[in-house]
Amino acid sequence: MYTMKEICNLTGLSYETLKFYCNEGLIPDVKRDKNNYRVFDDYNLNWIKSLQCLKNCEMSIAEMKEYLAMCLEGTKSIPARKIMLEKKQAALRDRIKNLQAAIDYIDRKQNFYDEVLSGKVEYKSNLIRREI
C-alpha cells in the first residue's frame, strides 16, 4: 500500500492534483487506513499513470470521467473506448504536424539570420518596406 506522498513521488503528480483526482472520483476504489488517510495499491498506481497519459492526450476531466466509466463497464465498452482514443490520437497527430511546422519555420529563420550575420546574404524583411 502507498500513501498519498509515495504516490506523488512515484508519479510526479503534485499532492493537490492527486487529491483533486480523488475528490473528482477519477481514482476508483481508493481505500482508507485506520486514521482515515487515503492509501493506494498497485492497481490504483497503474490507473493513476494511465490518468497522466490521458491528461497528456489533452483529455478534459469530463472526458477522463467518461473514459473511466467506460473502463469500469468492462469489455463491452472497448469499441467506444477505441473510438474515443482514436479521436484523441488524430488530434495529437495534427498537433504534432503544427508543432513540426513551427519548428521548421524557426530553423529556417535561424539559418537565415546566421547567413545575414555572416555576410553571406543581405537582410531583407517582410515587414520593412524598401523604397525603390
Side-chain angles (χ1 to χ4, degrees):
M1 299 301 272
Y2 305 97
T3 64
M4 293 268 294
K5 184 176 180 181
E6 290 170 326
I7 290 291
C8 291
N9 289 335
L10 290 168
T11 63
L13 286 177
S14 70
Y15 185 90
E16 293 77 18
T17 299
L18 181 58
K19 187 175 179 181
F20 176 77
Y21 284 173
C22 289
N23 290 341
E24 286 294 313
L26 284 169
I27 307 170
D29 301 322
V30 175
K31 308 288 186 256
R32 299 271 182 165
D33 68 10
K34 62 182 170 128
N35 298 315
N36 204 33
Y37 293 117
R38 290 180 181 99
V39 290
F40 304 86
D41 59 22
D42 287 326
Y43 290 100
N44 298 133
L45 175 60
N46 290 331
W47 175 249
I48 291 165
K49 289 177 180 179
S50 292
L51 283 176
Q52 288 180 290
C53 289
L54 297 177
K55 179 72 174 162
N56 287 336
C57 292
E58 300 181 351
M59 274 197 188
S60 66
I61 297 299
E63 289 171 318
M64 285 191 252
K65 285 181 179 182
E66 180 183 354
Y67 186 79
L68 169 62
M70 287 190 282
C71 289
L72 293 173
E73 290 176 5
T75 57
K76 70 179 182 177
S77 68
I78 287 175
R81 284 184 264 166
K82 281 184 57 68
I83 290 168
M84 186 178 202
L85 292 176
E86 285 169 359
K87 288 178 183 176
K88 285 296 173 186
Q89 185 181 49
L92 287 171
R93 289 188 193 284
D94 285 344
R95 184 151 186 243
I96 288 170
K97 283 184 210 172
N98 291 335
L99 289 171
Q100 189 58 57
I103 289 169
D104 293 345
Y105 171 81
I106 290 171
D107 287 343
R108 285 191 308 276
K109 292 307 267 187
Q110 292 287 35
N111 289 332
F112 173 69
Y113 294 147
D114 286 342
E115 289 180 345
V116 168
L117 292 172
S118 70
K120 289 182 181 175
V121 297
E122 181 184 343
Y123 179 73
K124 294 179 185 173
S125 171
N126 292 330
L127 296 173
I128 302 170
R129 296 180 193 271
R130 288 182 174 214
E131 298 297 324
I132 300 179

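Since the model is a prediction, treat every value here as computed from it, not as a measurement.
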Contact between [X] and [Y] at the side-chain level, heavy atoms closer than 4.5 Å - yes or no?
X	Y	result
Tyr15	Lys5	no
Lys55	Tyr21	yes
Ile27	Val30	yes
Leu99	Arg95	yes
Phe40	Met4	yes
Ile61	Glu24	yes
Tyr67	Ser50	no

Working to the nearest 0.5 Å, report the span between [atom1] of [X] and [atom2] of [Y].
X	Y	atom1	atom2	result
Gln110	Glu115	CD	CD	12.0 Å
Lys65	Leu54	NZ	CG	14.0 Å
Ser77	Lys82	OG	NZ	12.5 Å
Leu51	Thr17	CG	OG1	11.0 Å
Cys71	Glu66	SG	CD	10.5 Å
Thr3	Asp33	OG1	CG	9.5 Å

For Asp41 and Lys31, run side-chain contact (heavy atoms from CB on, under 4.5 Å): C-alpha distance rounded to whole Å, both residues' side-chain angles, the deciding distance at 0.1 Å, then the answer. CA-CA 9 Å; Asp41 59 22; Lys31 308 288 186 256; 5.7 Å; no
hydrophobic_cluster_shared for [Y] and [X], side chain cutoff 4.5 Å:
X	Y	value
Leu10	Leu26	yes
Ile48	Leu72	yes
Tyr43	Leu45	no

Shortest non-hydrogen contact between [X] and [Y], atoms and distance:
X	Y	answer
Leu68	Trp47	CD1-CZ2, 3.7 Å
Leu13	Cys8	O-CB, 3.3 Å
Ala80	Met70	CB-SD, 3.5 Å
Arg38	Cys22	NE-CB, 3.4 Å

Output the rest of the hydrophobic cluster of Val39: all Ile, Leu, Val, Met, Phe, Trp and Tyr residues reachable through side-chain heavy-atom contacts under 4.5 Å, sorted by chain and number.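 Under the 4.5 Å side-chain rule, Val39 groups with Met1.
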Which pairs pass salt bridge (charged side-chain N to carboxylate O under 4.0 Å, His left out) with one or both residues in residues 101-114, sequence neighbours excluded?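 Every pair satisfying salt bridge (charged side-chain N to carboxylate O under 4.0 Å, His left out) with a residue in residues 101-114: there are none.
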Please list, chain by chain and in numerical order, all residues satisfying side-chain contact (heavy atoms from CB on, under 4.5 Å) with Lys76, sequence neighbours excluded.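 Lys76 satisfies side-chain contact (heavy atoms from CB on, under 4.5 Å) with Glu73 only.
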Before you tell me yes or no, could you show the steps for Leu85 and Met59 under side-chain contact (heavy atoms from CB on, under 4.5 Å), namely the whole-Å CA-CA distance, both residues' side-chain angles and the distance that decides it to 0.1 Å? CA-CA 10 Å; Leu85 292 176; Met59 274 197 188; 3.9 Å; yes
Does Arg93, at its CZ atom, have more than 12 non-hydrogen atoms belonging to other residues, nucleotides or ligands within less than 6.0 Å?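 Not more than 12 within 6.0 Å, no.
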Crowding at CG, Asp29 (>12 non-hydrogen neighbours, <6.0 Å):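 Not more than 12 within 6.0 Å, no.
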With distance as the sole criterion, is a donor-acceptor pair present between the side chains of Asp42 and Tyr2 under 3.5 Å?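 Per modelled atom types, Asp42 and Tyr2 side chains form a pair under 3.5 Å.
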Assess the residue pair Glu122 and Val116 against the criterion (side-chain contact (heavy atoms from CB on, under 4.5 Å)); give the C-alpha distance rounded to whole Å, side-chain angles, the decisive distance to 0.1 Å, and a yes or no. CA-CA 6 Å; Glu122 181 184 343; Val116 168; over 6 Å; no
When you measure from the side chain of Gln100 to the backbone of Lys97, do you find a donor-acceptor pair of N or O atoms at a distance under 3.5 Å?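 Not at all, since once roles are kept as given, no pair shorter than 3.5 Å links the two residues.
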Please lay out, stage by stage, how Glu58 and Lys88 fare under the test salt bridge (Lys or Arg N to Asp or Glu O under 4.0 Å). CA-CA 8 Å; Glu58 300 181 351; Lys88 285 296 173 186; over 6 Å; no
Taking the six-membered ring for Trp, are Phe112 and Tyr123 parallel (under 30°), tilted (30 to 60°) or perpendicular (over 60°)?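 It falls in the tilted class, 30° to 60°.
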